[in-house]
Amino acid sequence: MSFPLAPYYAVIPSAADFAAFAVTGKAVVPLAAVADIPALKAFLKSVPQTVDVKVDIFATDAGVDQAVELLNSGVSQVFVAPKLAAQLVEAGIPAARLAVEVASAAQIAEIPAESAIFVNETVAATLEPLSRLVYVSFERSTDVYAAVKLGYTAIVCHTKLTTNAAEEPSKVSLAAVLLSKLVTDRPDGLYTTLVNDVQGKSLGLVYSSQESISEAIRTGTGVYQSRRHGLWYKGATSGDTQKLITLSFDCDGDCLVFTVEQSGVGFCHLAQSTCFGNYSGLARLEKTLLDRKANALPGSYTQRLFSDEVLLAAKIKEEAEELTEAVSKDEVAWECADLIYFALTKCVKEGVSLADVERNLDIKGLKVTRRKGDAKPKFLPAKAEAMAPAELTDSRIVMKRLDSATATSAEVAAALQRPVQQTSDIMKLVQPIIDLVKTKGDVGILELTEKFDHVKLASPVLRAPFASELMELTPEIKSAIDISIANVEKFHTAQLTETLEVETCPGVVCSRFARPVETVGLYVPGGTAVLPSTSLMLGVPAKVAGCKNIILASPPRQDGTLTPEVVYVAHKIGAKAILLAGGAQAVAAMAYGTESVPKCDKIMGPGNQFVTAAKMHVQNDTSALCSIDMPAGPSEVLVICDGKADPDFVASDLLSQAEHGVDSQVILLAVDMTAEQLEAVDEAVHRQALVLPRVEIVRKCIAHSTTLLVSSYEAAIALSNQYAPEHLILQIEEAKSWVAKVNNAGSIFVGAYSPESCGDYSSGTNHTLPTYGYAKMYSGVNTATFQKFITSQDVSPAGLKSIGHAVMTLAAVEGLEGHRNAVKVRMDKLGLL
Ligand SMILES: NC(=O)c1ccc[n+]([C@@H]2O[C@H](COP(=O)([O-])OP(=O)(O)OC[C@H]3O[C@@H](n4cnc5c(N)ncnc54)[C@H](O)[C@@H]3O)[C@@H](O)[C@H]2O)c1
Ligand SMILES: N[C@H](CO)Cc1c[nH]c[nH+]1
Ligand SMILES: [Zn+2]
């Protein structure tokens, strides 16, 4: 039960006055005491968060809007007249959030039972015992104690209250008010007292007397009654003092509750946080962080987080993203714990306590929603009705829209800007991972897999032949994979080139022929979704090219196994081994080799930013002697459609890439479309998105994606060439005729019946494609990705006669006599000089 008295602040008090009575945990402030609602909100910010503020708007002209605004600003209750109370209840505001001021006992019958009643002491004297909360304001009398004893909550002007009855005997004593509610059946007359911290965790059990309670209230600290040593000022000898926050008691008044802020080691004399053991969970984390903030060694990780804003911000974003992408119960719990660690580090850094956070949660929990259409019109001003469509739009999954005819070029460029990839920050995170794999090999990989994928493996590698039980599939899935492999194989086999032979001049024959890269490492992503299709998109061309050693890498599942589809594809393409690891550690293992992972000459495959950063790193490290296919990051699509396109088809293509990840981007270029046609696409996007299992990912991706209105097909193609999308979909009339104009794109999907999904799986083209605008200079994965080309020349005496003089002349120009001589000795012997 809370303190049975609330101070009434008819004028805004000094901070000291306010702090003195904050132990009641309550405050009533008349709106008239401040200029207006903004001023009141500013005052609320200055109030300790442990104080429950109620606002009296009875004598003002505030109406429904103002009352709702107050209730949504952290105010727990508003004191109102019966008429406004009825309007508020009609508008859907919970009656329990109202204290209704009545002038006579007769009026009470009309007030909802959940609402509190607010009366003056004269009316209170006429009341029957009531089974509801009654506030009694005492203006004249000081007979507060008797009223409190009857079960009323006293509202007393703060100037009439005291925390020190000995010095101010004419005022109402907080200690006496509290004592009037307490009972004890102990022979020594002491009150059993529970000491809690602000999170409600029990620190210990002690005893109080009238004297110790008065002292605690007077000093604002933890003061108790020791049965052996008399008054006990907690911390007087140990230094572990307590700040008294609030006083309350249990349901029948025989247990007093002190809520305190404990400093130092803790409450217990055994040097632990509480008499029931040390803190755990969030409270323990907060204590550790506070300790680190005060004492951590320079250079320690937590200290770095406190001092490096960029690192802390990056970690919070990273963990938040990982939490959004977590799927299993274990993953969600793990990722949420990570996020809370970094979030609380931020709080501690800024001096925000867990209690502050909890108070804010409570404030949010106090938010009310007023009823919309079904409230009586007289209670619903126009402004409230206007809220409805806005709320609807907020929850709608809709792309931003921009008209290129009216937008500035900067606005168009901003719309086409991909979500920023913070490469330098990521590089900083990836470097230690690479170093660990280089120095600790297999052990390093296992450690990192445990850390990032939360799986403890005995060995990081599966070797061929792979056990059949690891690739058990339904006939339907097997057949789907077989069809896809066959088509991808057909298209990539067709890309094999014959040896090229050209006689450039008489007797000089030049040729060029392909040879496979001997050992290739194929990265198959497995973070937010396992993508077995990527294993075939990489594995089949590697097999077609004739690579001798094919190594696949993919993060293991929670049970330590790999998805059977990936193992099946590995088996079909003749992979030598599968590395059960993901992220930068998998790339490092394949680039440098470990005891069980063969060193690869080239690493292919898409992945998240850690994978991409690691690929960029190893290709620049000459000691790795390892190349990569291309930077392939978050998937993206650009769709060009016109008024004839089917809105459902257009929406489905946008969503199929939006579901890949929150960092994916989808762009729609709408050629000369009407507002109705655009709305049909928006409606289809929203409708289709809502039923997708990955709707939350889609929602975030669509939030940074745009529909751009353009006036012509030429303009659309020009913008697309500038954007250089990974996937370009043409849902326009005569789609085929526009392909010739496309200069930059990873892969093109022509016409209404070529959804991007076909290229992702089964048509035969490769789905590992350049993203982020790299389609301007890179090709997608193809057979040549797994080959290098060797040239040769065969020069006969006749050929030497043809080009010998030219070679000698150019060698002389470069001052390279040795070069000139290699031709001269031969021409001499042939008698050609
Ligand atoms: N461009 C293409 O052709 C193409 C094709 C398929 C997929 N993709 C893209 O590939 C990406 C796949 O990403 P993903 O995350 O799902 O899988 P992923 O396999 O690329 O990454 C998962 C791995 O990242 C590592 N990791 C996770 N958090 C980490 C951290 N905090 N620090 C260090 N390492 C960490 C873990 O080891 C984990 O195994 C998506 O963005 C998708 O759009 C692109
Ligand atoms: N669209 C992705 C690459 O751009 C590939 C993929 C795999 N599975 C589904 N889609
Ligand atoms: Zn896809």
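In each ligand, atom 1 is the first atom listed, and ligand 1 is the first ligand listed.
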Thr563 and Glu565: side-chain donor and acceptor closer than 3.5 Å? yes
Per-atom filter on ligand 2: closer than 4.0 angstrom to a heavy atom of His727 are 1 (N), 4 (O)
Per-atom filter on ligand 1: closer than 4.0 angstrom to a heavy atom of His767 are 2 (C), 3 (O)
Atoms in ligand 2 flagged as close to Glu726, the criterion being non-hydrogen separation under 4.0 Å: 3 (C), 4 (O)
Which ligand 1 atoms, with their elements, are less than 4.0 angstrom from a heavy-atom of Ile433? 33 (C)
Those atoms of ligand 2 less than 4.0 Å from some heavy atom in His660: 1 (N), 2 (C), 6 (C), 9 (C), 10 (N)
Would you say that Leu289 contacts Lys293 through its side chain, given a criterion of any heavy-atom pair below 4.5 Å between the two side chains? no
Can you see which heavy atom on Leu668 is nearest to which on Cys641, and at what distance? CD1-SG, 3.6 Å
A student comparing Tyr772, Tyr523, Phe610, Tyr774 should find that the heavy atom closest to atom 27 (C) of ligand 1 comes from Phe610
To the nearest 0.1 Å, how far is atom 15 (O) of ligand 1 from its closest protein heavy atom, and which atom is that? Asn608 ND2, 3.0 Å
Protein heavy-atom partner closest to atom 39 (O) of ligand 1 - residue, atom, separation in Å: Asp453 OD1, 2.5 Å
Quick check: does Glu319 get an N/O under 3.5 Å from an N/O on ligand 1? no
Per-atom filter on ligand 2: closer than 4.0 angstrom to a heavy atom of Gln657 are 1 (N)
Pair Ser762-Asn487, side-chain donor/acceptor within less than 3.5 Å: no
Heavy-atom proximity to atom 4 (C) of ligand 1, picking from Pro606, Gly527, Ser664, Pro634, points to Pro606
Which residue and non-hydrogen atom of the protein lie closest to atom 10 (N) of ligand 2, and at what distance in Å? Asp760 OD2, 2.9 Å
Here the atoms of ligand 1 under 4.0 Å from any heavy atom belonging to Pro555 are 19 (O), 39 (O)
Atom indices of ligand 2, in the order listed, that fall short of 4.0 Å to a heavy atom of Ser533: 7 (C), 8 (N)
Taking the six-membered ring of Tyr592 (Phe, Tyr or Trp), confirm whether the NZ or CZ of Lys438 is under 6.0 Å from its centre and within 45° of its axis. yes
With a cut-off of 4.0 Å, which atoms of ligand 2 are near a heavy atom of Ser635? 1 (N), 2 (C), 3 (C), 4 (O)
Quick one: nearest non-hydrogen protein atom to atom 16 (O) of ligand 1, plus distance? Thr528 N, 2.7 Å
Is Arg687 salt-bridged to Glu683, cutoff N-O under 4.0 Å? yes
In Asn782, Asn766, Thr783, the residue satisfying side-chain hydrogen bond (donor to acceptor under 3.5 Å, both in side chains) with His492 is Asn766
Backbone or side-chain N or O of His660 under 3.5 Å from ligand 1 N or O: no
Do the side chain of Ser705 and the main chain of Val666 share a donor and acceptor less than 3.5 angstrom apart? yes
Atom 32 (N) of ligand 1 [closest protein heavy-atom partner, distance rounded to 0.1 Å]: Phe452 CE2, 3.1 Å
Between ligand 1 and Glu318, is the shortest N or O to N or O distance under 3.5 Å? yes
How far is atom 12 (C) of ligand 1 from the closest protein heavy atom, and which atom is that? Pro525 CB, 3.6 Å
Determine how many protein N/O/S atoms sit closer than 2.8 Å to the Zn ion (ligand 3), leaving waters out since they are not shown. 2
What residues form a side-chain contact (heavy atoms from CB on, under 4.5 Å) with Leu769, not counting sequence neighbours? Glu726, His727, Ser747
For atom 23 (C) of ligand 1, closest protein heavy-atom neighbour: Gly583 N, 3.5 Å
Would you check if the side chain of Ser459 reaches a backbone N or O of Val461 as a donor-acceptor pair within less than 3.5 Å? yes
What's the shortest heavy-atom distance between Leu429 and Glu318, and which atoms? CD1-OE1, 3.5 Å
Which protein non-hydrogen atom lies closest to atom 9 (C) of ligand 2, naming both residue and atom, and how far is it? Tyr761 OH, 3.2 Å
Examine the side chains of Gln665 and Tyr723 and answer whether a donor and an acceptor come within less than 3.5 Å of each other. yes
Among all protein heavy atoms, pick the one closest to atom 37 (O) of ligand 1 and tell me residue, atom and distance. Gln585 NE2, 3.0 Å
Side-chain donor-acceptor contact under 3.5 Å, Asp653 with Gln657: no
Check whether any heavy atom of Leu531 sits under 4.0 Å from an atom of ligand 2. yes
Counting only N and O atoms by type, is there a donor-acceptor contact under 3.5 Å from the side chain of Gln688 to the main-chain atoms of Asp648? yes
Thinking salt bridges, do Asp663 and Arg418 make one under a 4.0 Å N-O criterion? no
What I'd like to find out is whether the side chain of Pro516 reaches to under 4.5 Å of the side chain of Phe786, using heavy atoms alone. no
Which atoms of ligand 1 have any heavy atom of Leu531 under 4.0 Å away? 6 (C), 7 (C)
In ligand 1, the atoms that come under 4.0 Å of a heavy atom of Val611 are 20 (O)
Hey, which atoms in ligand 1 end up nearer than 4.0 Å to a heavy atom of Glu726? 1 (N), 2 (C), 3 (O)
Distance under 4.0 Å to a non-hydrogen atom of Thr771: what atoms of ligand 1 satisfy this? 1 (N)
Pairing of Lys572 and Asp482 as salt bridge, 4.0 angstrom limit: yes
For Met604, does its backbone N or O pair with a side-chain atom of Asp629 as donor and acceptor, under 3.5 Å? no
Would you say Thr534 and ligand 1 have an N/O pair spaced under 3.5 Å apart? no
Polar-atom distance check: Leu769 versus ligand 1, any N or O pair below 3.5 Å? yes
Checking a contact table here: which protein heavy atom is nearest atom 11 (C) of ligand 1, and how many Å away? Gly607 C, 3.5 Å
Heavy-atom donor-acceptor pair, Ser484 side chain to Ala480 backbone, under 3.5 Å: yes
If I apply the N/O under 3.5 Å rule, does Gly526 come out as touching ligand 1? yes
